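The block underneath contains the structure these notes are about, expressed in structure tokens.
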Amino acid sequence: MSKQMSPSIAAQEYAISYAELMDLSPHRALLRFHQRHDQRIENITARSTQSKACFNGCAYCCHFKVIADAVEIFAMADFVLANFDTQQIDQIIQSAKHNIEESRHLSHEEHATINQKCPLLINNSCVVYPVRSIKCRNFHATDVSGCRASYENPKDLTILNDSIPEVYIVATGSGDGFITALHNHGYDDRSYDHNAAFVEALENPGCWRRYDAGRRAFITAKYDNY
Ligand code: SF4
């Protein structure tokens, strides 16, 4: 069923992305979307009286539960395949498999109460930074103490991080517009567990074909759209 958009940043992004997807692959459209998305966040941040506390090397949030849409998983897998050697790719896969095993019997909610290092965080840096997911792009804080407190007390889901509200509104709307355009073009728009989906993308070529055919891309990875 076709999803509807309200007149907003989401609707603006939807119109652009929907038109681009008439000619471009989801991967190419995602890369174009990233440019618009990052620019929107930069514009809002520049106008805000608050400033981000995030800095390279601060990676508390990269230990929280990560989910990503199928098209984003493929973009990150493509980036890894193009930029890393076999040994490095194997290390990433082993790290993801460790996380999968650790969370195998956990519900979505329970999974959110443990810290897991993202397999793409190496030496406290994101190794897929240019193509990191929308949720990773949107995450920011104006005070690192909330991120640190969540990291130190992962079971306490009531801890909030201070952020710039306008950035969340625009970033969320922008992401919704792109993902809805994908959905209405018939592509899988599930948000998958990052670890399991990433391993499938690297080890099972069938998931790329399923995605192109408009089917559920990842079979073993849990998904939750929220
Ligand atoms: S993909 Fe990159 S930014 Fe996102 S959680 Fe992993 S290391 Fe952090």
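Every value quoted in this text rests on a predicted model; they were computed, and no experiment measured them. When a ligand or atom number is given, it counts from 1 through the structure's own listing order.
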Angle between ring planes, Tyr60 versus Tyr151, binned at 30° and 60°: parallel, tilted or perpendicular? tilted

Can you tell me which portion of Cys62 lies within the under-4.0 Å heavy-atom range of ligand 1? Options are side chain, backbone, both, or neither. both

Under 4.0 Å from ligand 1, counting heavy atoms only, is it the side chain of Leu121, its backbone, both or neither? both

Please identify which of these residues, Pro26, Cys136, Ser133, meets the side-chain contact (heavy atoms from CB on, under 4.5 Å) condition with Glu72. Ser133

State whether Cys136 contributes an N/O/S atom found under 2.8 Å from atom 6 (Fe) of ligand 1. no

Looking at Ile9 and Val170, what are the two nearest heavy atoms and their distance? CG2-O, 3.9 Å

Atom 6 (Fe) of ligand 1: closest protein heavy atom, distance to 0.1 Å, is Cys118 SG, 2.4 Å

Please list the nearest protein heavy atom to atom 2 (Fe) of ligand 1 with its residue and the distance rounded to 0.1 Å. Cys126 SG, 2.3 Å

Between Phe74 and Phe218, is the ring centre distance below 6.0 Å? yes

Show the atoms of ligand 1 that are less than 4.0 angstrom away from any heavy atom in Val66. 5 (S)

Numbering as shown, the atoms of ligand 1 that approach Leu120 to under 4.0 Å (heavy-atom distance): 7 (S)

Under the salt bridge (charged side-chain N to carboxylate O under 4.0 Å, His left out) test against Lys97, which residue among Glu102, Glu200, Glu203 passes? Glu203

State whether a side-chain donor-acceptor pair under 3.5 Å links Asp189 with His183. yes

